[in-house]
*Asks:* 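Got a structure for you, written out below as structure tokens; questions coming shortly.
Letters A, B, ... are given to chains in the order of the sequence lines, protein chains preceding strands, and every chain is numbered from 1.
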Number of protein chains: 2
Amino acid sequence: MLVHMAEAGGRALTSEELSSFIHTNPVVVRRSIAGLREAGIVASSRGHGGGWQLGRAPDQISLAEISSALGETLLPFSTEPESPGCLVEQAVIAALEDFRTEAERLLAEKLGRITLADLAADFRRRYDEIGVTSHAV
Amino acid sequence: MLVHMAEAGGRALTSEELSSFIHTNPVVVRRSIAGLREAGIVASSRGHGGGWQLGRAPDQISLAEISSALGETLLPFSTEPESPGCLVEQAVIAALEDFRTEAERLLAEKLGRITLADLAADFRRRYDEIGVTSHAV
DNA sequence: GTTTCATGTAACTAAATTAGTTACGAATCT
DNA sequence: AGATTCGTAACTAATTTAGTTACATGAAAC
């Protein structure tokens with residue numbers, strides 16, 4: 001959805017339009033990206049001509065920020081104790097916490113280098129490629 | 001559960017015993033760790049005196065192997081195309097695939113350095129600590 | 001100022017996943 | 001033979017997620 005916004009040239013896209021891109025429902029779209037507003041990644045406006053657009057330039061929006069704004073974790077496990085007092089769990093959690101700290105730093109650093117502008121550029125490259133192919137055929 | 005096996009001194013623990021450690025059901029235990037058998041991480045035996053034990057020494061079992069044998073992914077997202085033909089999705093997946101390749105290598109390398117023996121040693125340290133505290137009080 | 005358009009959000013439904021449970025057959029030891 | 005334990009199927013319940021409907025709020029157009 002964000003790539004589509006980046007490609008929209010400043011025009012606001014409605015959740016109706018966005019939902020058709022990913023074959024889902026407008027309400028699902030609004031729910032999904034509402035969390036990006038507070039982080040300034042998107043801006044929404046109501047009424048005629050309203051909709052969604054990027055909150056800043058695509059090269060200033062990294063995948064790390066998006067992930068963080070969506071409240072996603074970068075690692076697929078929890079370190080919440082489930083049996084407080086269990087020493088085995090404590091040992092496992094201690095090891096995983098150490099691992100998590102460094103791993104998340106590494107992942108965030110890597111994802112921070114990929115921006116929406118990169119994705120949009122790659123999308124455009126593929127788009128032009130198809131265009132050429134179509135002409136050739 | 002594997003730490004408990006490591007601490008059991010070679011004796012096989014029943015799924016009944018293991019399930020009581022983590023407050024769950026014997027069948028859930030069997031289902032959960034069945035996948036570790038094929039990887040040689042655990043061995044199970046039936047009948048009287050049967051149960052579960054480690055398939056090799058705790059210092060030869062890394063968290064990376066356990067994670068892999070359980071079929072877990074190290075990263076919490078999928079790169080399965082959902083709309084084949086969507087160029088935006090292709091661009092996103094391409095970027096994430098690159099990221100995933102290096103990230104998984106890094107994570108596996110880190111998790112490969114943590115072994116069951118490390119966890120068991122930390123567990124034992126905590127256990128002795130409690131013992132001392134209890135005596136002191 | 002009324003109409004139209006679009007978001008914000010609550011409430012409900014349906015589907016998918018997961019944990020838990022019961023039951024029983026197969027294997028193994030005493 | 002009998003007791004024990006895993007292996008596995010089948011079912012139930014709880015949780016999560018996506019999808020849908022409905023409607024209030026806000027903003028532009030006329």
*Asks:* Of the nucleotides D:dC6, D:dA29, D:dA9, which has the atom closest to the B:T14 side chain?
*Replies:*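 Shortest atom-to-atom distance from the side chain points to D:dC6.
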*Asks:* Between A:G49 and A:V28, which has a closest nucleotide on DNA chain D that is more 5'?
*Replies:*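 Going by which nucleotide is closer to the 5' end, it is A:V28.
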*Asks:* Can any side-chain N or O of A:S67 pair as donor or acceptor with the backbone N or O of A:L63 at less than 3.5 Å?
*Replies:*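 It does not hold such a pair.
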*Asks:* Between the side chains of B:S44 and B:R37, is a donor N or O closer than 3.5 angstrom to an acceptor N or O?
*Replies:*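 Side chains of B:S44 and B:R37: pair found under 3.5 Å.
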*Asks:* Please give, in whole Å, the distance from D:dT21 P to A:E16 CD?
*Replies:*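 Nearest whole value for this atom pair: 12 Å.
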*Asks:* Could you check how far CD of B:E17 sits from P of D:dT5, rounded to whole Å?
*Replies:*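 It works out to 8 Å between those atoms.
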*Asks:* D:dT21 P sits how many Å from A:N25 CG, rounded?
*Replies:*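 Rounding to the nearest Å, CG of A:N25 and P of D:dT21 are 8 Å apart.
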*Asks:* Quick one: salt bridge (charged side-chain N to carboxylate O under 4.0 Å, His left out) partners of A:E7, sequence neighbours excluded?
*Replies:*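 A:R124.
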*Asks:* Using a 4.0 Å cut-off to any heavy atom of chain A, which nucleotides of DNA chain C are the first and last in contact, reading 5' to 3'?
*Replies:*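 Using the under 4.0 Å cut-off, the span is C:dC5 to C:dA11.
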*Asks:* B:L13 CG to D:dT4 P: how many Å, rounded?
*Replies:*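 From B:L13 CG to D:dT4 P: 18 Å.
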*Asks:* On DNA chain C, does the nearest nucleotide to A:A34 precede the nearest nucleotide to A:R31 from the 5' side, or the other way round? Give the residue.
*Replies:*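 By nearest-heavy-atom nucleotide position, the 5'-most residue is A:A34.
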*Asks:* Between the main-chain N or O of B:E97 and the side-chain N or O of B:T101, is there a donor-acceptor pair closer than 3.5 Å?
*Replies:*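 Yes, the answer is positive, given that a donor and an acceptor are paired below the 3.5 Å cut-off.
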*Asks:* Looking for any heavy atom pair under 4.0 Å, which part of the strands does A:G47 touch: base, sugar-phosphate only, or nothing?
*Replies:*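 Base contact - A:G47 has a heavy atom under 4.0 Å of at least one base atom.
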*Asks:* Do the side chain of B:E89 and the main chain of B:E82 share a donor and acceptor less than 3.5 angstrom apart?
*Replies:*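 A pair under 3.5 Å: yes.
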*Asks:* Quick check against the 3.5 Å criterion: does B:T14 have a side-chain atom that pairs as donor or acceptor with the backbone of B:E17?
*Replies:*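 At least one qualifying donor-acceptor pair exists.
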*Asks:* Please state how far atom CZ in B:R46 lies from atom C1' in D:dC6, giving the value in whole angstrom units.
*Replies:*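 Taking atom C1' of D:dC6 as the reference, CZ of B:R46 is at 5 Å.
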